[in-house]
Amino acid sequence: MTRLSDAALGTLPAAIGRPDYDRRSVRSGVVHFGPGAFHRAHQAAAFDRLLADDPRWGITAISLNSRGVADALAPQDGLYTLARLDAEADYRVIGAIRGILTGDERAAILAALASEDTRIISMTVTEKGYCLTAAGELDFGHPAIQSDLQNPAEPRSIIGWLAAGLGERRRRGLPAPTLLSCDNLANNGRKLGGAVRAFAAATDPETTRWIDGEVRFPNAMVDSITPATDDMLRRRVSDATGMVDAWPIQRERFSQWVIEDDFAGERPTLEVAGVTFAGDVHGYEAAKLRLLNGAHSSLAYIGLALGHATVAAAMADDRLAGFAERMMREDVAPSLAPPPGLDVAAYIGSILARFANPAIEHRLSQIAWDGSQKLPYRILDTVRDALAAGRPVDRLAVPVAAWLRFIERAASADEPITDPLADRLLAAGGDWRAIVAMREIFGDLANAPAFLSAIERAHAALADPAGFAREPA
Ligand code: CS2
């Protein structure tokens with residue numbers, strides 16, 4: 001079977017979408033850190049649509065910590081297949097990624113960041129990639145940040161790289177870019193901006209002034225359910241396209257990207273790809289993180305304890321589907337200040353329907369990764385608001401207790417968990433109070449008696465994995 005490549009595009013079956021622009025004339029307007037599945041499913045697909053109108057917005061991707069994507073896509077000229085799986089599936093070959101640089105190609109990374117063509121520097125590096133404290137500020141004690149402060153010309157962290165790239169642009173007299181976070185953090189643009197400024201202030205004060213005056217860090221809400229690639233997807237894609245693709249991507253059909261309208265210089269006309277530009281995206285961000293991601297993490301930690309493997313399987317368990325719905329409607333919705341036009345009740349209905357999508361095999365174990373980084377945005381911010389408003393936190397304590405039980409099970413079975421704080425979490429293992437006392441996760445909630453007693457009750461109820469269903473009426 002032929003390997004996917006530029007030369008092979010002409011032989012794809014007619015039903016398969018493909019770049020409808022001349023890839024040779026595309027330039028790199030975007031430099032993107034973290035070309036994982038979510039970037040390739042979401043932002044790269046949006047730029048792919050835009051390229052038909054405007055060839056200036058191709059992507060140079062940077063994979064700092066692994067060669068996997070670069071090695072898979074280089075022989076395919078950066079092409080890969082995106083499968084959108086719903087009641088009906090469709091397939092499109094995406095051509096927006098022009099090349100992938102890896103962490104050892106330092107000179108080329110700096111050149112891309114400081115290229116005249118580059119107008120947007122974006123990233124999907126997950127919560128932990130930002131090296132923040134629980135208060136959302138740059139963590140100067142983080143090992144990668146410490147190393148970059150010692151040696152700013154040889155950065156390791158994304159923050160160090162961004163500061164180096166911005167410094168280089170300023171020295172060359174190039175226009176300031178827009179730095180666009182596409183990760184699931186509340187206030188992602190502001191947090192990114194604060195971290196980059198704090199790093200620059202410690203290493204390059206002149207660049208800090210330039211950043212303050214010229215660089216923009218819009219907040220953005222990103223959404224599309226993107227399960228990891230598996231063999232079933234590889235088979236489906238080769239059956240549909242007749243070609244070998246080393247790393248196809250799958251996602252649901254639904255996709256949403258709301259970006260704060262705050263760009264340095266020209267803004268790409270991504271509206272053609274369904275992107276919304278808004279004056280303020282807080283309302284969208286909070287609704288998505290607290291409802292969708294909050295419910296996802298709850299289904300993951302409770303569902304795994306009950307022996308379910310996927311989101312769809314967890315949703316087929318009425319106890320769990322009912323819990324997720326009650327939590328969203330009764331505990332999360334009252335904490336939201338939705339933007340005009342966002343009907344929260346209907347939004348919750350659509351999230352439940354998306355979770356139940358049988359065409360998507362979204363593994364709970366994937367969602368369970370990095371709980372220490374995710375729960376603060378997904379659940380703990382809601383808890384904070386509920387306590388401040390005098391609302392109960394019993395149900396919100398259940399996913400937190402289920403996460404504590406998840407760590408306990410791993411610790412007692414001597415199994416690893418994927419989390420940047422894994423060592424400390426597993427060492428605390430059976431002592432949930434020691435975990436809840438970790439201020440880098442729980443912040444001020446580590447001392448909130450009403451929340452601690454709710455966790456204690458939920459934790460006790462979860463001695464029986466089905467105990468969550470009794471919590472509270
Ligand atoms: C999920 C998200 O893996 C996870 O933690 O909750 O990746 C989720 O699928 C996306 O945010 C949906 O937009």
Side-chain angles (χ1 to χ4, degrees), residues 34-46 82-86 123-130 181-186 188 219-230 233 249-259 274-276 281 284-304 308-315 320 324 327-328 332 342 347-348 350-357 359-382 399-400 402-403 406 417-420 441:
F38 187 68
H39 171 69
R40 282 181 280 155
H42 186 272
Q43 301 104 60
L82 174 62
R84 297 192 306 174
L85 305 177
D86 252 308
M123 70 227 61
T124 44
V125 292
T126 78
E127 298 83 347
K128 61 179 174 280
Y130 292 78
S181 166
C182 303
D183 280 297
N184 281 322
L185 278 69
N188 52 9
N219 285 324
M221 180 270 246
V222 291
D223 188 10
S224 191
I225 291 174
T226 305
T229 298
D230 52 16
L233 177 70
I249 301 290
Q250 58 186 331
R251 70 159 223 231
E252 61 178 335
R253 183 175 296 267
F254 179 93
S255 164
Q256 194 176 16
W257 193 4
V258 187
I259 310 176
V275 173
T276 306
V281 307
Y284 292 99
E285 267 187 334
K288 190 262 170 175
L289 283 168
R290 295 181 183 198
L291 292 168
L292 186 150
N293 295 111
H296 246 173
S297 291
S298 307
L299 292 174
Y301 297 121
I302 306 170
L304 287 169
H308 298 303
T310 65
V311 175
M315 288 296 290
L320 264 167
M327 187 179 89
M328 287 196 279
V332 184
L342 180 69
Y347 186 55
I348 293 171
S350 75
I351 290 170
L352 290 164
R354 289 167 60 197
F355 284 178
N357 181 354
I360 290 268
E361 282 257 313
H362 197 187
R363 309 209 71 77
L364 296 173
S365 55
Q366 181 188 345
I367 300 171
W369 285 15
D370 286 358
S372 72
Q373 314 293 302
K374 292 174 174 177
L375 290 182
Y377 300 112
R378 297 177 176 209
I379 307 277
L380 302 182
D381 282 345
T382 312
V400 179
W403 173 63
F406 167 82
I417 57 169
T418 302
D419 194 298
I441 305 171

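As the structure lists them, so they are numbered: ligands from 1, and atoms in each ligand from 1.
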How would you list, by chain and number, every residue that makes a side-chain contact (heavy atoms from CB on, under 4.5 Å) with [X], sequence neighbours excluded?
X	result
Ala228	Gln366
Pro376	Leu380, Ile441
Ala287	Leu291, Leu336, Leu342, Tyr347

First locate atom CZ of Arg363, then atom CG of Asp230, and finally report the distance between them rounded to the nearest 0.5 Å.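 Reported value, rounded in 0.5 Å steps: 8.0 Å.
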Rounded distance (nearest 0.5 Å) linking atom NZ of Lys128 with atom NZ of Lys374: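 It comes to 8.0 Å.
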Mutual orientation of the aromatic rings belonging to His296 and Phe355 [parallel < 30°, tilted 30-60°, perpendicular > 60°]: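 Ring orientation, 0 to 90° scale: parallel.
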Name each N or O atom in ligand 1 that is under 3.5 Å from a protein N or O, and give the partner atom and the distance.
from, atom 1, to, atom 2, distance (Å)
ligand 1, 5 (O), Lys374, NZ, 2.8
ligand 1, 5 (O), Arg378, NH1, 3.0
ligand 1, 5 (O), Arg378, NH2, 2.9
ligand 1, 6 (O), Asn293, ND2, 3.1
ligand 1, 6 (O), His296, ND1, 2.7
ligand 1, 6 (O), Arg378, NH1, 3.1
ligand 1, 6 (O), Arg378, NH2, 3.4
ligand 1, 11 (O), Asn184, ND2, 3.0
ligand 1, 11 (O), Lys288, NZ, 2.7
ligand 1, 11 (O), Asn293, ND2, 3.0
ligand 1, 13 (O), Asp223, OD1, 2.6
ligand 1, 13 (O), Ser224, N, 3.0
ligand 1, 13 (O), Lys288, NZ, 3.2

